[in-house]
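The block underneath contains the structure these notes are about, expressed in structure tokens.
This chain uses plain numbering: 1 for the first residue, then up along the sequence.
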Amino acid sequence: MDNRQDKKEFRDETLENFARLNKSKKKFKHLILIPIVIAAIIIFITVCFAFFFKVKTIEVEGAAKYDPNLIIIKSGITAGENLYSYHEDNIEEILMLNYPYISKVELRRRWPDKIILKVFEESAGYCTEIYGETLILSSSLRILENPDINVDSIELCRLYLPDIDRALVGNKPVFCSDSNYIEKALSIIDASDIAESISAISLENKFAISFLIGNTYKIKCGNSDDLALKLTMTEKILESSQLPAGVKAEIDVTNPSECSAILGESANLEL
């Protein structure tokens with residue numbers, strides 16, 4: 001009896017091992033098939049991209065300063081090439097180098113055969129003169145162009161800047177000494193309610209920032225500490241009845257709690 005029981009248990013164990021082994025083989029086959037299927041999909045996609053997604057149409061959006069056809073040529077994108085042969089960063093670098101008013105480029109693909117170059121252009125915000133050369137600057141201080149005209153003939157807010165080491169079109173000026181205060185001060189001034197009426201700003205000395213409003217008022221701010229408050233005080237003074245209409249004034253808001261003004265011919269409006 002025991003012998004038959006042992007034989008039955010042996011057969012059951014054998015069948016169980018066989019089933020387990022068969023299951024392992026099937027699982028192994030499935031594991032082998034997975035990378036094969038993935039490789040086949042990758043090959044299929046690659047072939048599709050190589051043979052079907054060819055550039056047929058190229059469009060430029062957002063270009064106001066430059067000819068879209070010239071932008072396409074300079075970008076290096078050509079019809080017949082693969083839709084995914086081009087990289088946004090490379091195209092942006094090339095276009096910004098050749099067309100300084102362009103500040104950003106987005107490369108958009110439209111299946112199956114179109115590429116759209118969305119360009120963003122900066123606006124001229126300031127002008128300045130460096131070593132006798134006139135420069136047009138954006139609000140972020142990128143040099144947009146170097147026109148062959150006198151700086152006084154340009155209707156932009158004029159900047160008086162400290163000594164500059166390098167000034168290349170398409171880049172920001174490289175100053176000889178610490179210049180962190182410059183962008184900080186300009187951003188605060190640009191956000192003020194009187195920004196549009198400012199005709200010139202002197203940033204040559206970080207401790208003696210000043211600006212002109214038209215040809216009538218000179219505002220002395222000292223350093224950039226509490227500059228937003230100083231601009232607010234300037235606005236309140238100009239809106240008050242304390243200044244005679246049309247009379248030149250040199251307004252000192254270096255200490256916002258004790259503002260003062262020099263009126264008439266004694267006022268020095270030079271920056």
Side-chain angles (χ1 to χ4, degrees), residues 55 57-78 83-110 114-131 133-149 151 153-176 178-201 203 211 224 227-228:
V55 178
T57 306
I58 309 165
E59 294 181 359
V60 175
E61 295 180 355
K65 198 76 177 178
Y66 305 110
D67 185 342
N69 293 320
L70 294 179
I71 290 176
I72 291 172
I73 293 171
K74 190 61 69 174
S75 73
I77 300 174
T78 55
L83 202 64
Y84 290 85
S85 297
Y86 304 98
H87 298 283
E88 183 177 274
D89 291 344
N90 295 339
I91 291 174
E92 181 179 80
E93 183 179 357
I94 292 171
L95 292 181
M96 287 180 64
L97 179 64
N98 288 275
Y99 303 113
Y101 276 88
I102 294 178
S103 60
K104 182 181 178 182
V105 178
E106 291 181 358
L107 189 153
R108 302 173 180 177
R109 299 175 178 87
R110 296 289 183 270
K114 179 186 286 188
I115 281 183
I116 299 173
L117 291 176
K118 175 69 175 177
V119 301
F120 298 84
E121 296 179 343
E122 289 196 274
S123 300
Y126 308 104
C127 64
T128 191
E129 185 178 66
I130 299 174
Y131 306 125
E133 296 286 328
T134 298
L135 298 179
I136 305 297
L137 308 173
S138 71
S139 58
S140 64
L141 286 189
R142 280 184 65 236
I143 302 172
L144 301 178
E145 60 178 302
N146 175 209
D148 189 21
I149 54 177
V151 68
S153 65
I154 301 174
E155 295 184 0
L156 289 171
C157 177
R158 180 168 179 177
L159 294 183
Y160 293 86
L161 298 170
D163 291 339
I164 289 175
D165 182 44
R166 294 191 307 278
L168 300 175
V169 174
N171 297 280
K172 294 183 179 182
V174 177
F175 296 93
C176 297
D178 173 47
S179 60
N180 293 332
Y181 71 95
I182 294 176
E183 290 192 45
K184 176 186 174 183
L186 287 177
S187 65
I188 295 172
I189 293 171
D190 187 55
S192 70
D193 292 335
I194 59 175
E196 292 186 2
S197 60
I198 295 176
S199 56
I201 305 172
L203 298 162
F211 59 88
S224 59
L227 184 56

Donor-acceptor contact below 3.5 Å, side chain T134 vs main chain I149: yes
Donor-acceptor under 3.5 Å (N98 side chain, I94 main chain): yes
Closest approach of A195 to I189 (non-hydrogen atoms, all atoms of both residues): CB-O, 3.3 Å
From L137 atom CG to E145 atom CD, the distance as rounded to the nearest 0.5 Å: 10.0 Å
Beyond-backbone contact of I115 with L83, side-chain heavy atoms, under 4.5 angstrom: yes
Side-chain touch V105/L117, heavy atoms, less than 4.5 angstrom: yes
More than 12 heavy atoms of other groups within 6.0 Å of E93 CD: no
N/O donor-acceptor pair under 3.5 Å between R110 side chain and I116 backbone: no
From F120 atom CZ to M96 atom CE, the distance as rounded to the nearest 0.5 Å: 12.5 Å
Closest non-hydrogen atom pair, Y126 against I201: CE2-CD1, 4.4 Å
Shortest non-hydrogen contact from L107 toward E88: N-OE1, 2.8 Å
More than 12 heavy atoms of other groups within 6.0 Å of K104 NZ: no
Any Y101 side-chain heavy atom under 4.5 Å of V119 side chain: no
From CA spacing to verdict: side-chain contact (heavy atoms from CB on, under 4.5 Å), V55, I58: CA-CA 7 Å; V55 178; I58 309 165; 3.7 Å; yes
Student check: side-chain heavy atoms of I194 and F211 closer than 4.5 Å: yes
Exam field: side chain S139 to backbone G125, donor-acceptor pair closer than 3.5 Å: no
Interatomic spacing from CG in L161 to CG in L135 - rounded to 0.5 Å: 9.0 Å
Heavy-atom pair with the smallest gap, counting every atom of K184 and S224: NZ-OG, 4.0 Å
Closest non-hydrogen atom pair between Y86 and T78, with its separation: OH-N, 3.1 Å
Test item: I182 and P162 side chains (from C-beta on) under 4.5 Å apart, heavy atoms: yes
Nearest-0.5 Å distance that lies between atom SG in C157 and atom CG in L186: 8.0 Å
Counterpart residues, side chain to side chain contact (heavy atoms under 4.5 Å, CB included), relative to E121 (two or more places apart): A63, A64, K65, Y66, I102
Straight-line distance of L141 CG to E122 CD, nearest 0.5 Å: 10.0 Å
Spacing of I188 atom CD1 and Y181 atom OH [to the nearest 0.5 Å]: 13.5 Å
Non-neighbouring partners of E59 that pass salt bridge (charged side-chain N to carboxylate O under 4.0 Å, His left out), sequence neighbours left out: K114
Nearest heavy-atom neighbours spanning P147 and I154: CG-CD1, 4.5 Å
